[in-house]
Student: 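Just passing along the structure, written as structure tokens.
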Amino acid sequence: QVQLVQSGGGWVQAGGSLRLSCAASGRTFSSSTMGWFRQAPGKERNIVAAITWSGSITYYEESVKGRFTISRDNAKNTVYLQMNSLKPEDTAVYYCAAVEARMMVTSAGTYDYWGQGTQVTVSS
């Protein structure tokens, strides 16, 4: 069992930066692939970025490449999403998620555990 508690997020002007954190409890964090997803009103929940258990493999959705960075600290059981050069279209509720797997996973339906979600609002 893994419990995920998110922090960070909020409001920022376009071009600004925010960092999201996701602290996990449970002994399987270090062997879990972690992902960040986002969901805008009336839209599906889509992957933003993911990172494998060792941090050696990362995935980014095309629109955030070069702007967002996912990282993890297994000693702290925490995964991060650094978001730079934010755009109004990045506005959404962001969720972290965990799946007890060592390979890259990008499908929301495959993830086992979810954080509570945090609002990110980017104004133009």
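Computed over heavy atoms, backbone and side chain alike; hydrogens, waters and symmetry mates excluded.
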Student: I'd like to know if the side chain of T121 and the backbone of T91 have a donor-acceptor N/O pair within less than 3.5 Å.
Tutor: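 No; judged by distance alone, with no hydrogens or angles, the pair does not exist.
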
Student: Out of curiosity, R19 CZ to M83 CE, how far, rounded to the nearest 0.5 Å?
Tutor: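 Reported value, rounded in 0.5 Å steps: 11.0 Å.
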
Student: On a heavy-atom basis, which atom in S85 and which in D90 lie closest, and how many Å separate them?
Tutor: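 Smallest heavy-atom distance, with atoms named: O-OD2, 4.5 Å.
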
Student: Quick one: are the ring centres of F68 and W36 less than 6.0 Å apart?
Tutor: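 No; W36 has its ring centre 6.0 Å or more from that of F68.
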
Student: Between the side chain of Y111 and the main-chain N/O of C96, is any donor-acceptor distance below 3.5 Å?
Tutor: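 Not at all, since once roles are kept as given, no pair shorter than 3.5 Å links the two residues.
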
Student: Using every non-hydrogen atom in the two residues, find where Y59 and E61 come nearest and quote the distance to one decimal.
Tutor: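 Looking at all heavy atoms of both residues, the closest pair is CE2-N, 3.8 Å.
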
Student: So, does T52 use its side chain to make a donor-acceptor pair with the main chain of I57 at under 3.5 Å?
Tutor: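 Pair found, side chain donor or acceptor close to backbone of I57.
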
Student: Centre of W53's six-membered ring, under 6.0 Å away, within 45 degrees of the axis: is that where NZ or CZ of R72 sits?
Tutor: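 No - R72 does not lie over the ring of W53 by the 6.0 Å and 45° rule.
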
Student: For P88 versus A14, what's the shortest heavy-atom pair and its separation?
Tutor: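 Residues P88 and A14, closest heavy atoms: CD-CB, 4.1 Å.
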
Student: Under 3.5 Å, is there a donor-acceptor pair between the side chain of Q116 and the main chain of Q6?
Tutor: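 Present.
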
Student: How long is the gap from CE on M103 to OG1 on T110, to the nearest 0.5 Å?
Tutor: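 If we round to the nearest 0.5 Å, M103:CE and T110:OG1 are 10.0 Å apart.
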
Student: Under a plain distance cut-off of 3.5 Å, with no hydrogens placed, do T78 and D73 share a side-chain donor-acceptor pair?
Tutor: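 D73 vs T78: no donor-acceptor pair found between side chains.
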
Student: Go through L20 and Y80 one step at a time and tell me if the side chain to side chain contact (heavy atoms under 4.5 Å, CB included) criterion holds.
Tutor: CA-CA 6 Å; L20 305 181; Y80 306 95; over 6 Å; no

Student: Check the pair T69 / L81 against side chain to side chain contact (heavy atoms under 4.5 Å, CB included), numbers first and verdict last.
Tutor: CA-CA 6 Å; T69 302; L81 185 68; over 6 Å; no

Student: Once you round to the nearest 0.5 Å, how far does CG of L4 lie from OG of S25?
Tutor: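 Atom-to-atom, L4:CG and S25:OG are 7.5 Å apart.
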
Student: Any idea which heavy atoms bring A98 and M34 closest together, and the distance?
Tutor: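 It is CB-SD, 3.4 Å.
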
Student: Determine, step by step, whether R102 and S31 satisfy the side chain to side chain contact (heavy atoms under 4.5 Å, CB included) criterion, reporting the C-alpha distance in whole Å, the side-chain angles of both residues, the deciding distance to 0.1 Å, and the verdict.
Tutor: CA-CA 6 Å; R102 295 196 171 217; S31 60; 3.8 Å; yes

Student: Hydrophobic clusters here meaning ILVMFWY residues chained together by side-chain heavy-atom distances under 4.5 Å, can you tell me if V2 and V5 are in one?
Tutor: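 No.
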
Student: Within the distance-only criterion (no hydrogens, no angle test), does the side chain of R45 pair as donor or acceptor with the backbone N or O of Q39 below 3.5 angstrom?
Tutor: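 Flag not set: sc R45 to bb Q39 has no pair under 3.5 Å.
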
Student: Please say yes or no: joined through hydrophobic side-chain contacts below 4.5 Å, possibly via intermediate residues, are I51 and V99 part of one cluster?
Tutor: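 Cluster IDs for I51 and V99 differ.
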
Student: Between V120 and G9, what is the shortest heavy-atom contact and its length?
Tutor: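 Smallest interatomic distance, heavy atoms only, reads CG2-CA, 4.1 Å.
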
Student: Does NZ or CZ of R38 come closer than 6.0 Å to the centre of the six-membered ring of Y95, within 45° of the ring's axis?
Tutor: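 No.
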
Student: For E100 versus D112, what's the shortest heavy-atom pair and its separation?
Tutor: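 So the minimum-distance heavy-atom pair works out to N-OD2, 3.3 Å.
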
Student: Return the NZ to OG distance between K87 and S124, rounded to the nearest 0.5 Å.
Tutor: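 Result: 13.5 Å between the selected atoms.
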
Student: Return the CZ to CG distance between F29 and N74, rounded to the nearest 0.5 Å.
Tutor: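 Reported value, rounded in 0.5 Å steps: 5.5 Å.
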
Student: Ignoring hydrogens and geometry, is there a side-chain-to-backbone donor-acceptor pair from Y94 to V48 under 3.5 Å?
Tutor: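 Side chain of Y94 to backbone of V48: no pair is present.
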
Student: So, does T118 use its side chain to make a donor-acceptor pair with the main chain of G8 at under 3.5 Å?
Tutor: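 Checking the backbone N and O of G8 against the side chain of T118, a donor-acceptor pair under 3.5 Å is found.
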
Student: Would you say I70 ends up clustered with V64 if hydrophobic residues are merged whenever their side chains have heavy atoms under 4.5 Å apart, either directly or through other cluster members?
Tutor: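 Yes.
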
Student: Has E89 got more than 12 heavy atoms of other residues, nucleotides or ligands less than 6.0 Å from its CD?
Tutor: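 Count over threshold, so yes.
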
